[in-house]
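This is a predicted model, so every value here is computed, not measured.
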Amino acid sequence: MEFRAEMRYLRVSPQKARLVLELIKGRKVEEARNTLLFTKKRVAAHVGKLLQSALDNANFLSTKKGWTSSSTICT
């Protein structure tokens with residue numbers, strides 16, 4: 001599954017961010033975290049936070065879906 005997270009207003013050039021994103025594209029989560037941990041680019045810390053945010057969004061959505069399927073919600 002794909003989950004999305006977005007970071008806005010980061011004061012870094014798109015080229016520099018793209019270089020770090022290309023390092024982790026297509027990797028598993030743990031490999032991507034390790035790669036970001038040992039990358040010496042300043043933007044790597046921000047990309048790591050973004051990756052964590054996407055994972056948190058995925059956990060929230062799956063938890064929310066499991067919770068709503070077992071109960072009745074009236075709006």
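- Under the side-chain contact (heavy atoms from CB on, under 4.5 Å) criterion, A54 pairs with A5, sequence neighbours left out.
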Quiz item: Can K16 and K41 be said to form a side chain to side chain contact (heavy atoms under 4.5 Å, CB included), step by step?
Solution: CA-CA 8 Å; K16 290 178 182 179; K41 298 283 188 182; over 6 Å; no
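- Pairing each heavy atom of V29 with each of L51, the nearest pair is O-CD2, 4.5 Å.
- Within a 6.0 Å radius of CD in Q15, other residues, nucleotides and ligands contribute 12 heavy atoms or fewer.
- Proximity of L23 to L36: side-chain heavy atoms (C-beta onward) are nowhere separated by under 4.5 Å.
- Residues satisfying the side chain to side chain donor-acceptor pair (under 3.5 Å) test with Q52, not counting sequence neighbours, are R33, D56.
- Considering OG of S53 and CE of M7, their distance stands at 7.5 Å, rounded to 0.5 Å.
- With rounding to the nearest 0.5 angstrom, the CG atom of L50 is 7.5 Å from the CG atom of L21.
- Residues satisfying the side chain to side chain donor-acceptor pair (under 3.5 Å) criterion with K40, sequence neighbours excluded, are absent altogether.
- Residues H46 and R42 share a closest heavy-atom pair of CD2-O, 3.8 Å.
- For R27, the side chain to side chain donor-acceptor pair (under 3.5 Å) test picks out T35, with sequence neighbours left out.
- Cluster partners of L19, using a side-chain heavy-atom cutoff of under 4.5 Å among ILVMFWY residues and allowing indirect links: none.
- Listed by chain and residue number, K25 satisfy the side chain to side chain donor-acceptor pair (under 3.5 Å) test with E22 (two or more places apart in sequence, or in another chain).
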